[in-house]
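Have a look at the structure below before the remarks.
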Amino acid sequence: MLMLIEFCLFSIIIVNENKVLNVNIENLSFQEFILKEEVIDYIIDDQLYALTEKNIFAIDKAKLQIIDHTPLPQRFNYITNTKDEIIIISTSELIILNKKNLAFKNGIGIEPGDYQPMVSPVKLPRKELLYLFTKDDKRSIIKIIDLHKGRTIKSKNFTEIKNYYYLPQEKNFVILTSSGLHYLDTDLKVKKSIKFEFPGEDFFFYRDYCIITNSQAICKIDKNGKMIDFQPVLLNGTSKNADFVFYNKDFIVLIEPFTMRIKYLLENERKIYKMYGIDFDQNLCLSRDGAIFLMDYETGLFKALLKSEYAIKPPVIKETISGDSLFYIQFGAFSEINRAQNFCDSIKNSGLPVFIDSAPNNLYRIKFGGFLEKELAQELMEKSGISSWLVYNKKIEHVMDTKFIFQGQSYEIKNGIIKKE
């Protein structure tokens, strides 16, 4: 998962495993919110949207409080966003959710692969495009998906991509491969290449320079690829780097950005295993024992942050019902009416009065609803044990009034709306 933090004045939001941390740098304190599931991926937008194996959550960043969530019928690996939508990505499809209520809007099939988004579409000139990146052996593939058309419009192969950045002002992607740095326009055409005679495993930009790192050194090159300076960094075993800081389980090495010389060599006594660069003066450090430290770059000293308590409140689901739309549970969509009818009948036998809702694109959708309350829809989704999506659409008028009992609980459908009796 790509490391992502949000700065808000002196506050920083960090997600680590199943914890959401709101860190106040000025007060050297932090608040902690713990989810029941580990976060697979997340984005920080108007809210914090956290993807877990079974759910997607919308979390208030300031109050550290769940304000909405939707169960997921399968595992998804990555998440990104448009202005009004959340996109979750599996190995074979994209699912588009309504950002307002996290309900299903659309699905797009893609060729199998471990795809991750390269940049949020909101940062692109054409905001209907989604750029996906995947690796296959020593080959990397970038695909461009048109979200409006629902299909791949371009795909290009590269030698193994080690890392990449999107530069919004230049409207360029910069990718690092075994052959060097390559600048791509948004049509994936190579605009410029910079080759160097040493292996690069990671890179970042510092002022007018590009810093290339590998397991043994950190190298500074100019815009033309000329080596300006380098510094060997020899650490036994696997090491990570957070810009000008290298670290592993034994040592932490700080590099001075201007001279490229070792500034401090510190023993990793605090068992730090993750670092987040706040700026080139400070790093936020997470310890294996759950402690959080602020590392001062000038002195190499660590300041422990204190955990501050906050009033724990129950989850609050946002009001999402408006106009003539309702929540529905969708159990499947079929192109053949016979298959749809057979599946519909099998669910009816379990006790749920589902129905077939046809659509202009010749799909027959098996639905159940509607619901004024999202929580009641989610409760019945969970009770059914059947893979399904929560959708939000115009009230369907042909739903028959009836009463039914499901798993010992009585329900009533009246005027197309389901309520508990």
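No side-chain donor from either of Asn18 and Glu37 sits under 3.5 Å from a side-chain acceptor of the other. Thr70 and Lys374 form a side-chain donor-acceptor contact under 3.5 Å, judged by distance and modelled atom types alone. Checked by atom type, the side-chain pair Glu53/Gln74 shows no donor-acceptor distance below 3.5 Å. Of the N and O atoms on the side chains of Tyr42 and Asp45, not one donor lies less than 3.5 Å from an acceptor on the other residue.
A search for side-chain hydrogen bond (donor to acceptor under 3.5 Å, both in side chains) contacts involving Asp60 returns nothing, not counting sequence neighbours. For Lys191, the salt bridge (Lys or Arg N to Asp or Glu O under 4.0 Å) test picks out no residue, with sequence neighbours left out. Listed by chain and residue number, Glu412, Glu421 satisfy the side chain to side chain contact (heavy atoms under 4.5 Å, CB included) test with Lys403 (two or more places apart in sequence, or in another chain). Evaluation of the side chain to side chain contact (heavy atoms under 4.5 Å, CB included) rule for Lys271 yields Ser287, Arg288 as partners, not counting sequence neighbours. Checked against side chain to side chain contact (heavy atoms under 4.5 Å, CB included), Leu28 has the following partners two or more places apart in sequence or in another chain: Leu294, Lys303, Leu305. For Asp281, the side chain to side chain contact (heavy atoms under 4.5 Å, CB included) partners two or more places apart in sequence, or in a different chain, are Asp279, Glu298. For Asn342, there are no side-chain hydrogen bond (donor to acceptor under 3.5 Å, both in side chains) partners at least two apart in sequence or on another chain.
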I'd like a table of donor-acceptor pairs (distance under 3.5 Å, sequence neighbours excluded) in which one partner is a side-chain atom from residues 330-340, with atom names and distances.
none

Using residues 117-129 as the side-chain source, report each donor-acceptor pair under 3.5 Å to any protein atom, sequence neighbours left out, with the distance given to one decimal.
residue, atom, partner, partner atom, Å
Ser120, OG, Asn81, O, 2.9
Ser120, OG, Asn81, OD1, 3.2
Ser120, OG, Val122, N, 3.3
Arg126, NE, Glu128, OE2, 2.9
Arg126, NH2, Glu128, OE2, 2.9
Lys127, NZ, Val122, O, 2.8
Lys127, NZ, Leu124, O, 2.9

In residues 177-184, what donor-acceptor pairs under 3.5 Å come from side-chain atoms, sequence neighbours left out?
residue, atom, partner, partner atom, Å
Thr177, OG1, Ser179, N, 3.2
Thr177, OG1, Ser179, OG, 2.9
Thr177, OG1, His182, NE2, 3.2
Ser179, OG, His182, NE2, 3.0
His182, ND1, Ser193, OG, 2.7

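A distance below 6.0 Å separates the ring centres of Phe203 and Tyr165.
Pairs passing the side chain to side chain donor-acceptor pair (under 3.5 Å) check and including a residue from residues 345-357, sequence neighbours excluded, read Gln341-Asp345, Asp357-Lys367. Applying the side chain to side chain donor-acceptor pair (under 3.5 Å) definition to pairs two or more places apart or across chains, those involving residues 240-251 are Thr213-Asn241.
Among the candidates Leu352, Val354, Ile386, the single residue satisfying the side-chain contact (heavy atoms from CB on, under 4.5 Å) test with Ile366 is Val354.
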